[in-house]
Amino acid sequence: MESNPLNSPPKNTKKIFFLVFGLFGFLSAALLGYFFYLDYQARQEEKSAQEKLQRAKQLKMDAEKHLHDLVLAQIEKIKDQGISPPPCPLIYPLLDAKGKVTPLGSYLSYFSMKCATYLPQEVYLLPNPGLAFDDFGLFNVLNSKHGTYITQLPYRLGTQDTAKGILKIFSKGYRIDLKFSRGSKTKKYQRVFKKGSLHLAPAWMAGCIHDWTDFHPTVEEEKYMQKPIFIKDDDLIRAASLEWIIRGGGAELVNRWDEILKRNPENPYLVDRWANILEARNKAWVHSELFGLYNPLIAKYPNSTFLKLSLCSQLECIGMYDEALAQIWPEMVKDDNNPDFYNFASLCLEWKGYYPECYQLFKVWTDKHPENAQAWMGFADFMIDYGWQARGGGFANTVSQKAWEIFKQRINEGLGYALKASNLEPGNIEVWNTLLHFGNGAQLDHVTMFKYFENAIHCNPQSIDPYEYMLDYLQPKWFGSEEELFGFAEKYKKDFPSLYSYAFSNLHQHYSDDPLTYDEWLEKFKLFVKENPAYWNEFKDSYKKQLKQNPEQVETWENYLSWLAETDEEKEVLIDAKKISHLTPELKALYPYMVLNTNNTMAGKYSTSQKGDYFSRPGPVKQTFEAYSMLLDLDPHNWNIWNRMARFSWKISNLEKTKEAFMGIGSHWDATVWDEDSFDKAKAVVLGGSSK
């Protein structure tokens with residue numbers, strides 16, 4: 001049977017079909033292969049990226065391990081090679097003819113110990129005598145309570161050798177009498193300084209320390225020590241009156257210090273004070289400015305311990321912890337029992353998160369010097385930080401059981417170290433303050449806390465520290481109540497009126513721990529003030545008393561302002577500042593600074609409460625320009641103020657004032673006020689120039 005050709009597909013049609021089918025298969029296979037290739041490539045690239053990431057992580061881990069190893073190696077070096085110079089004999093503040101403490105007498109004693117110790121390298125152990133003097137108000141001309149420093153300062157400086165002295169002022173000059181003693185051994189020194197030569201006194205007094213201890217400096221050390229800190233008596237006397245202002249947080253009020261520095265530009269102590277002033281003015285250091293100040297001097301005097309410690313302090317403030325540690329490690333080998341050095345190093349290590357290494361550092365200190373109560377107190381305070389590092393800063397119900405266990409273990413370990421310190425030096429207020437510091441973390445009961453408190457105020461009834469610890473403990477969120485908090489302030493207000501301000505601050509902390517907005521917190525706070533007017537009036541009076549006694553403390557003024565601004569009473573601050581500004585010539589800058597702070601505070605408050613731009617009103621703008629002018633009249637070379645005036649003028653589009661400010665600035669651009677591009681742009685508009 002033959003097939004019908006009509007029913008069979010043509011041969012060409014079959015070929016085309018197979019060709020199309022084959023082509024489709026080929027394309028499908030090619031496309032599938034291409035997708036497999038892309039997927040393979042993607043996986044390879046992802047693998048390569050993961051490998052690169054792993055290598056980067058490993059490199060970072062290796063680098064971090066290397067840094068940790070370097071720190072541990074430095075600690076091991078202190079352990080194996082560290083030596084301890086003998087404690088520097090303490091020269092108490094020189095008293096005047098009436099037996100009273102004066103800023104000048106304190107200043108001479110303070111610097112004589114510095115001169116005797118840094119020659120230029122460390123030859124005596126000298127824990128920060130300036131801070132010790134400061135804590136007892138010995139630089140404060142208005143402070144009349146000085147008695148307990150006699151018993152407490154030897155603890156702070158770790159010495160049994162002491163000297164008392166008199167600074168007598170005559171028409172033709174000064175006479176200094178010193179009497180050193182240790183047990184039954186005594187020795188007297190006396191010298192007359194004609195007018196114009198008192199600035200030589202610190203070096204002479206340092207020489208008395210050397211003679212008493214039978215220390216013989218080298219020719220180089222003697223030359224370094226004998227070079228005067230101040231070239232003129234007037235500079236010394238003015239610096240003595242300014243010391244309390246600088247130490248009290250009022251460094252930005254100090255003007256014309258650069259004139260003192262110009263007369264002796266290489267003296268490390270004058271450079272250190274200038275650094276304090278610049279840091280206060282600028283609020284944030286520019287690295288180039290900082291190193292430009294210190295590096296030339298350190299290159300010239302590579303053995304100057306004081307210069308390195310001063311730089312270390314500034315580096316820590318701006319967060320350059322590795323650089324700060326590089327300065328401090330070699331000094332710790334030369335003096336491995338100095339609390340200041342350990343505090344510096346531990347602070348930097350904690351900021352870096354190196355808690356285990358910091359633990360090892362304190363372990364070395366206490367193992368090498370178990371008789372040093374300062375070492376155990378430092379270890380105890382560190383353990384509080386170490387405990388909170390494990391716990392975290394969240395609310396109690398967010399902390400895991402494991403974290404709680406580590407926290408409690410570390411706190412209890414630290415408490416044991418503090419108790420060791422109290423056994424070594426029961427007459428030292430600092431050991432009882434350290435124990436009070438454990439009140440919240442160790443959950444100490446009221447009986448124990450008040451026992452520690454009574455021991456502390458028995459050692460030094462003039463110190464406010466024990467009262468502050470108790471107020472913190474009595475916060476409602478810890479182990480007290482609002483009634484106990486203010487009851488404590490009321491009980492002791494006769495001795496410390498400022499306790500009301502601390503009570504309100506602690507109450508603020510209590511409120512701010514609630515998840516409240518600013519406006520919600522403000523309403524709650526205002527309600528408390530309204531319901532407790534007696535507390536609020538006591539609070540304001542306490543600030544006024546603080547500021548009358550210590551008017552140079554800018555931080556206290558700023559706190560006072562921030563509180564009164566919450567209840568719209570900020571004008572009171574300016575009235576008080578204006579009155580106090582007339583008390584001393586060195587406080588003339590106080591009032592204009594407070595005008596600037598008040599206006600900035602109010603501008604921030606307006607912004608927060610969405611009430612509009614505070615500086616759109618002519619009154620605050622006029623006040624601000626007047627304040628800048630007052631400050632520049634006092635110190636025409638204050639480049640920070642010129643820059644701030646220019647920045648403010650530019651911000652409010654006052655081109656005339658901007659031009660005036662740029663004429664005053666010249667080439668002194670301040671990078672802490674504004675960035676260089678903004679500075680150049682404003683300068684080009686008003687002057688047609690550039691900062692470059």
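Remark: Tyr269 pairs with no residue by the side chain to side chain donor-acceptor pair (under 3.5 Å) rule, at least two apart or across chains. In this structure His458 satisfies the ring-ring contact (aromatic ring centres under 6.0 Å, His included) test with no other residue, sequence neighbours excluded. By the side chain to side chain donor-acceptor pair (under 3.5 Å) test, Arg175 pairs with Asp177, sequence neighbours left out. Not counting sequence neighbours, the partners of Asp233 by the side chain to side chain donor-acceptor pair (under 3.5 Å) test are His199. Listed by chain and residue number, nothing satisfies the side chain to side chain donor-acceptor pair (under 3.5 Å) test with Asn638 (two or more places apart in sequence, or in another chain).
One N or O on the side chain of Ser109 and one on the backbone of Tyr92 form a donor-acceptor pair closer than 3.5 Å. Judged purely by atom type and a 3.5 angstrom limit, Asp134 has no side-chain atom pairing as donor or acceptor with the backbone of Gly130. Although no hydrogens or angles enter the test, the distance criterion places a donor-acceptor pair under 3.5 Å between the side chain of Asn264 and the main chain of Pro228. Here the side chain of Asn532 pairs no donor or acceptor atom with the backbone of Tyr535 at under 3.5 angstrom.
Ring orientation note: the planes of Tyr107 and Phe111 are nearly perpendicular, at an angle over 60° on the 30°/60° scale. Using cut-offs of 30° and 60° for the angle between ring planes, the Tyr467 and Phe496 rings count as tilted.
Checked against the 6.0 Å centroid threshold, Phe453 and Tyr469 do not count as a close aromatic pair. Residues Tyr593 and Trp557 keep their aromatic ring centres 6.0 Å or farther apart. Aromatic rings of Trp285 and His287 (six-membered ring for Trp) have centroids beyond the 6.0 Å cut-off, not under it.
Side-chain contact of Glu569 with Trp536: a donor-acceptor pair under 3.5 Å is present, judged by distance alone. When only modelled atom types and interatomic distance are considered, Thr148 and Asn460 share a side-chain donor-acceptor pair under 3.5 Å. For the 3.5 Å distance criterion, the side chains of Thr624 and Asn599 qualify, holding a donor opposite an acceptor. At a cut-off of 3.5 Å, with distance as the only test, no side-chain donor of Asn128 or Asp340 sits close to an acceptor on the other residue. Using modelled atom types, one finds a donor on one side chain and an acceptor on the other under 3.5 Å when comparing Trp244 with Asn550. The closest side-chain donor-acceptor pair between Tyr110 and Glu243, if any, does not fall under 3.5 angstrom.
Geometrically, Lys657 engages Phe625 in a cation-pi contact, judged by NZ or CZ lying under 6.0 Å from the ring centre and within 45° of the ring axis.
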Evaluate salt bridge (charged side-chain N to carboxylate O under 4.0 Å, His left out) for Glu586 paired with Arg238, printing each intermediate quantity in order.
CA-CA 9 Å; Glu586 296 293 357; Arg238 179 167 183 251; 2.7 Å; yes
Evaluate Gln462 against Tyr149 for side chain to side chain donor-acceptor pair (under 3.5 Å), listing each step before the verdict.
CA-CA 10 Å; Gln462 297 162 19; Tyr149 75 83; over 6 Å; no
List the steps, then state whether side chain to side chain donor-acceptor pair (under 3.5 Å) holds for Tyr294 with Ser310.
CA-CA 9 Å; Tyr294 281 100; Ser310 178; 2.5 Å; yes
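A 4.5 Å side-chain heavy-atom check between Ser304 and Tyr118 finds every atom pair outside the cut-off.
More than 12 non-hydrogen atoms from other residues, nucleotides or ligands lie less than 6.0 angstrom from NZ of Lys526. The environment of Lys493 atom NZ is dense: over 12 non-hydrogen atoms of other residues, nucleotides or ligands sit within 6.0 angstrom.
Scanning all heavy atoms of the two residues, the minimum distance from Phe180 to Cys208 falls at CE1-CB, 3.9 Å.
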Report all side-chain donor-acceptor pairs from residues 166-174 shorter than 3.5 Å, counting only partners two or more places apart or in another chain.
none

